[in-house]
Amino acid sequence: MSTVALPSLFVSHGSPMMAVEPGRTGPLLTEIGATLPRPKAVVMLSPHWETMSARVSNQLQPKVIHDFGGFPPALYELDYPAPGAPALAEHVARLLRDGGIDTNTDGSWGLDHGAWVPMRYLYPQADVPTIQLSLQSHMPPDYHFRVGQLLAPLAREGILLVGSGSFTHNLRELRRNDPAAPEAPHTVEFLQWFLERMRAGDLEALFGYRTTAPHAIRTHPSDEHLLTLFFAMGAADDWTQFVHLDTGSTYHSLRMDAFAFGSHAGLLEQLPAAA
């Protein structure tokens, strides 16, 4: 067992087009993967697998799911043939059940674009075993924080815990033909509120962000893409120690921020995007 807990991560996966248009975020993810100690496996929580109760993918060779429509044909030809980790899936399910979370393993899913798109940059060789955890979007932030807490011991076993989402996610405000459009000012105000509350360690305010953060409903008409942030926070040995990695916005209203949480998050402080 490792004596160093890997930091947990929140990454913004943006549009599926990030798979072929890396922008600033793709290189950042590659730097993260190259800087952190190599994990034995990755447990990824994506907002694109929503279930009523928790599920953990247990395929030996997860299929890549192209869960989107209307994009260029080349996008549907991409693969990410990372191996699965059925034994780890059972371990994850057991940890959650022991903590009172109704959980089962599931062979029907694979890796949706919330998982395989960022993984293409984090570990381009597709040689790190990867399993996916489903999201309960009907549950509040504190539930997802608790799920992260229950899995936090895995970080000392060399398992990287990742919440994949989008720091802001209002698709109605996208400038779909202009990935380099200037960022929307209200998304920056939303980010600054989060950073202030994080630095203050104000977990109660963060859990209640939808009623207190500026532009909360505008930036997240539904909050499934931000719930994964709370998972990443809970999965850290100390969420109040964090590094904010800022790669700005894409398509005007999608903020692409990433965060590393935990006592060893400082491993990423020297990256150019560290704010």
Would E189 and T187 count as a side-chain hydrogen bond (donor to acceptor under 3.5 Å, both in side chains) if you check the C-alpha gap in whole Å, the side-chain angles of each, and the deciding distance to 0.1 Å? CA-CA 5 Å; E189 292 178 31; T187 65; over 6 Å; no
In terms of relative ring orientation, are F261 and F242 parallel, tilted or perpendicular, with 30° and 60° separating the classes? tilted
Check this for me, if you would: do R255 and E183 make a salt bridge, where the nitrogen-to-carboxylate-oxygen distance has to be below 4.0 angstrom? yes
Would the number of heavy atoms belonging to other residues, nucleotides or ligands and lying under 6.0 Å from CD of Q61 be above 12? yes
Candidate pair I32 and L271, rule side-chain contact (heavy atoms from CB on, under 4.5 Å), full reasoning: CA-CA 8 Å; I32 291 173; L271 296 187; 3.9 Å; yes
Please confirm whether the backbone N or O of G262 pairs with a side-chain atom of W239, one donor and one acceptor, at under 3.5 Å? no
Taking CG in D127 as the centre, count heavy atoms belonging to other residues, nucleotides or ligands within less than 6.0 Å. Is the count above 12? yes
Do R120 side-chain atoms and A115 backbone N/O form a donor-acceptor pair below 3.5 Å? no
For residues Y209 and H220, determine if any side-chain heavy atom of one lies less than 4.5 Å from a side-chain heavy atom of the other. yes
Backbone N/O of K63 and side chain of Q59: donor-acceptor pair under 3.5 Å: yes
Can you sort out the partners of R218 under side chain to side chain contact (heavy atoms under 4.5 Å, CB included), two or more places apart, ordered by chain and number? N170, E173, H186, H215
Please test T130 against M119 for side-chain contact (heavy atoms from CB on, under 4.5 Å), starting from the C-alpha separation and ending with a verdict. CA-CA 9 Å; T130 304; M119 286 296 292; 3.2 Å; yes
Would you say H225's side chain and H169's backbone share a donor-acceptor pair under 3.5 angstrom? no
Are any side-chain N or O atoms of T51 and backbone N or O atoms of S53, one a donor and one an acceptor, separated by less than 3.5 Å? yes
Within the distance-only criterion (no hydrogens, no angle test), does the side chain of S134 pair as donor or acceptor with the backbone N or O of A54 below 3.5 angstrom? no
Can you pull the ring-ring contact (aromatic ring centres under 6.0 Å, His included) pairs that have at least one residue in residues 72-100, sequence neighbours excluded? F68-Y76
Residue set satisfying side chain to side chain contact (heavy atoms under 4.5 Å, CB included) with D237, at least two apart, ordered chain then number -> A5, R156, S263
Are the ring centres of F259 and H244 closer than 6.0 Å? yes
Would you find a donor on one side and an acceptor on the other, under 3.5 Å apart, between the side chain of T30 and the backbone of G26? yes
Under the side chain to side chain contact (heavy atoms under 4.5 Å, CB included) test, which residues partner A274, sequence neighbours left out? V243, L245
Nearest heavy-atom neighbours spanning S46 and Q132: CB-NE2, 3.4 Å
Using only atom types and a distance under 3.5 Å, with no angle test, would you say the side chain of H144 pairs donor to acceptor with the backbone of Q136? yes
Just distance, no hydrogens or angles: give the donor-acceptor pairs under 3.5 Å from side chains in residues 7-17, sequence neighbours left out.
unit_1: S8; atom_1: OG; unit_2: A232; atom_2: O; d: 2.5
unit_1: S12; atom_1: OG; unit_2: F167; atom_2: N; d: 3.1
unit_1: S12; atom_1: OG; unit_2: D257; atom_2: O; d: 2.8
unit_1: H13; atom_1: ND1; unit_2: S164; atom_2: OG; d: 2.8
unit_1: H13; atom_1: ND1; unit_2: G165; atom_2: O; d: 3.2
unit_1: H13; atom_1: NE2; unit_2: H48; atom_2: NE2; d: 3.2
unit_1: S15; atom_1: OG; unit_2: M17; atom_2: N; d: 3.0

Given 3.5 Å as the limit, does a donor-acceptor pair link the side chain of D106 with the main chain of N58, or not? no
Residues forming a side chain to side chain contact (heavy atoms under 4.5 Å, CB included) with T212, sequence neighbours excluded: W193
E90 side chain to T105 main-chain N or O, any donor-acceptor pair under 3.5 Å? no
